[in-house]
Amino acid sequence: DVKVTQSSRYLVKRTGEKVFLECVQDMDHENMFWYRQDPGLGLRLIYFSYDVKMKEKGDIPEGYSVSREKKERFSLILESASTNQTSMYLCASSDGVWNSPLHFGNGTRLTVT
Amino acid sequence: DAKTTQPPSMDCAEGRAANLPCNHSTISGNEYVYWYRQIHSQGPQYIIHGLKNNETNEMASLIITEDRKSSTLILPHATLRDTAVYYCIVRVALGGKLIFGQGTELSVKP
């Protein structure tokens, strides 16, 4: 089974802090994604990556950046956390065939105070 | 981007088939239909996907109408553990993005 592991289940940070959310997948997948999920807004795509060192903006990239230095790892960075970034963050991966399903981790619930 | 429409909630009796409908009238010819579900406090779980033929796996069946404007996910014998939010998604052909809608909250009752 595909395993997508997010480093923290719950995280509490202060406004202005730099925050790193880490995601690792064990299936040698080419594609990795970061979503956030908020009540009433559903899942929204922040960034995705098709290969090492490659990244593409999703629908809501403002306030975020990403890093993919190794194929199995995709990091989401909040350069200066704000309260409106309090959310559930979900990482996903899929193989290189464009219609392959995404497999999600269990999420990181981030609270910014 | 093709959009989907699902009922916000449905109930199903335990042991009965759960039939979850989805409309996707603006779907393009090369766009697949995906179904995911999300149990509270967990990440979305992939269930099944298809293009135009009906599909079946160990979890569910997917029935897509001939004009591809709608589909139905069938859980043949629903259990209490199938209580979740079910998302019907049409995948954007370029970029591989999944665009999630609001989903259907399925409650399986004893």
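Throughout, a chain's letter reflects where its sequence line sits, starting with A, and its residues are numbered from 1.
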Review point. Given that the side chain runs from C-beta out, which part of A/Arg109 has a heavy atom under 4.5 Å from chain B: side chain, backbone, both or neither?
Key: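 Neither part, no heavy atoms under 4.5 Å.
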
Review point. Contact part of A/Gln37 toward chain B, heavy-atom cut-off under 4.5 Å: side chain, backbone, both or neither?
Key: side chain

Exercise for review: Flag yes if more than 12 heavy atoms outside B/Glu105 fall under 6.0 Å of its CD atom; otherwise flag no.
Suggested key: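 Open.
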
Check your understanding: With a cut-off of 6.0 Å (strictly less than), are more than 12 heavy atoms of other residues, nucleotides or ligands near CZ of A/Arg9?
Key -> yes

Revision key, fill the gap. Heaviest contributor of heavy-atom pairs below 4.5 Å to chain B, chosen from A/Ser94, A/Gly105, A/Pro101, is A/Pro101

Check your understanding: What about B/Met59 and B/Leu106, same hydrophobic cluster or not, with Ile/Leu/Val/Met/Phe/Trp/Tyr joined at side-chain heavy-atom distances under 4.5 Å?
Key -> yes

Check your understanding: Going only through I, L, V, M, F, W and Y residues with side-chain contacts under 4.5 Å, is there a path from B/Tyr86 to B/Met10?
Key ->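 The answer is yes; both residues are in one hydrophobic cluster.
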
Review point. So what's closer than 4.5 Å to chain A heavy atoms on B/Gln45: side chain, backbone, both or neither?
Key: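 Interface part for B/Gln45: neither.
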
Point to revise | Proximity breakdown for B/Gln42 and chain A, heavy-atom pairs closer than 4.5 Å | key: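 B/Gln42 touches chain A through backbone and side-chain heavy atoms alike.
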
**Study point:** Closest non-hydrogen atom pair between B/Gln102 and A/Leu41, with its separation
**Key:** NE2-C, 3.9 Å

Check your understanding: Looking only at heavy atoms, which two atoms of B/Gly43 and A/Leu90 are closest? And how far apart?
Key -> CA-CD2, 3.8 Å

Practice item. Please answer whether the main-chain N or O of A/Leu102 pairs with a side-chain N or O of B/Tyr36 as donor and acceptor at a distance below 3.5 Å. Key: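 Yes; judged by distance alone, with no hydrogens or angles, the pair exists.
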
Check your understanding: With sequence neighbours left out, what residues match A/Glu69 under salt bridge (Lys or Arg N to Asp or Glu O under 4.0 Å)?
Key -> A/Lys53

